[in-house]
Structures are given as C-alpha cells and as structure tokens.
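In this chain, residues are counted from 1 in sequence order. Atoms within each ligand, like the ligands themselves, are counted from 1 in listed order.
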Amino acid sequence: MKDRLIIAIDGPAGSGKSTVARQVARRMGILYVDTGAMYRAITLKALRSHTSLRDEKALSELVAETNIDLKIDGDFGLSVYLDGEDVTEEIRRQYVTNNVKHLACLPAVRERMVVLQRHASRSGRAVLEGRDIGTVVFPDADFKVFLDASEEERVNRRYKELRLKGYDVNRDEIKRDVDSRDTSDKTREVAPLKKAVDAVYIDTTGLTIEEVTDKIIKGLESLKR
Ligand code: DC
C-alpha cells in the first residue's frame, strides 16, 4: 500500500474549501470527502421523517440507523447517497442548509458522522473538508489547512455560486445565512469550528482557486523533504 496521506481542510462557509479540496484531491490522485454533505444528508432525513429538530433522543436514534455513502463520479464530482438514495441535489437546497445547525450541535450525531467519515477515508489517502477535521476527525492528519476569507468575499462567492445555479437569491439573504452559520459553527459546544494549532492558515481573499491549490501542493511537497 502507498504511504498514508490524510489532508484536513477546515474553514467557514464560503472560504473555498470544497473547490480547493476537490482540486487538491485531483492533483494528488486521492479521494475527496465532503463532510458537510454528510451533515446535510442526515438533516434531510430528519426533515423528511418529520422528526422534531429539538428531540435529541429521536435524532440520535435516527442517525444510528442511517448510512451515508460518498461516491466519486466523473471529474472528481461527488454523489451523496442517503440509505442508498442519491440525494446529491436535494441536500444543497436552502431548507436543508438552514436546518443543518440543529443536528450539527448534537454529540450523538457528530459521533456517528466521525465514524462514517473515518470509514470513507479508510484507504488512508484522502482529502477531507469540513469544520472539525484537523481538530476531531483526524487530529493526526498528515497535513492540515485552515482556509479563511473576508466575510464580504465569502458572501460574494456564495451569491455568485447560487446565481450560476439559477437560484433567485439576494445578497442580504446570503449574508444573513453566512453570519448565522458562522455563529453556530464557532460557538457550538461540541467540535466548534477552529483552526487546529498545527494547521497552515491561508487567507484566500483575492486569491484564485489555482493559487490556493498551489500553496497547498507546495506545502505537501515540503512534507517529503
Ligand atoms: O460545508 P457545508 O457548508 O456544506 O456544511 C454544511 C453544514 O454542516 C455547516 O453549516 C456546518 C456543518 N458541518 C459541521 O458541523 N462539521 C463538518 N465537519 C462539516 C460541516
């Protein structure tokens, strides 16, 4: 087996994690694991089953009997399967995004997600992106990155992305969403978003995807020396 290579990329919404993580995975020829997609999938299941988002016990039971698989398709695109059903499109909808925070703060949900995330990376060669990869999921990752960007830039990126996909959104709405997710990600008691002490901090404001990817690849090359 090739040497283990676990790369942890954390950061707030709109910091460019998904695109950069995908590019790094492609360039290194290793797996890409989008952990936010997993939190989105379990949120979708809770909403569909009309489980109260305040009922911690019911949600813990629900997550225990849930399976989430990620499959690479095509050019490092990712399909997300919830108990065997392809939910790739549905989990990106706003009603799902707005409700993830209720599940992401529950210890039982996070514990199960960590199990699924480690299982998805069992080949030992993967780029994982999320909020707690370098601090909780893989505290022993081979390389850790914390991506950030100014709030204005992160809101603009989200706005452009959603517009491109044809959604009729306005900037104020996106700003509220980004603010609210930042606050709940950073202030929750379990696994809050924070930079691991040994992570490389990259401010992506004004940088292109290629520039950020190059910085990470350069960092990886220095590991070999
Ligand atoms: O990366 P994303 O925006 O698709 O993630 C959706 C939500 O999931 C995000 O608002 C916070 C949560 N999340 C988390 O709590 N821990 C992770 N490792 C990844 C995502």
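A side-chain N or O of Thr204 and one of Arg157 form a donor-acceptor pair less than 3.5 Å apart. Gln94 and Asn98 are linked by a side-chain donor-acceptor pair at a separation below 3.5 angstrom, with hydrogens and angles left out of the test. Looking only at atom types and distance, the side chain of Thr213 has no donor-acceptor partner in the side chain of Arg27 under 3.5 Å away.
The stretch residues 10-20 participates, sequence neighbours left out, in these side-chain hydrogen bond (donor to acceptor under 3.5 Å, both in side chains) pairs: Ser18-Glu129.
Stacking of Lys195 on the aromatic ring of Tyr201 is not recorded, the 6.0 Å distance cut-off and the 45° axial limit not both being met.
Around ligand 1, the residues contributing at least one heavy atom under 4.0 Å from the ligand are Thr35, Gly36, Tyr39, Arg40, Arg92, Val100, Ala104, Arg110, Gly130, Arg131, Asp132, Arg181, Asp185, Arg188.
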How far apart are the C-alpha atoms of Arg176 and Asp172, what are their side-chain angles, what is the distance that settles it, and do they pass the salt bridge (charged side-chain N to carboxylate O under 4.0 Å, His left out) test?
CA-CA 6 Å; Arg176 273 197 300 277; Asp172 288 345; 5.5 Å; no
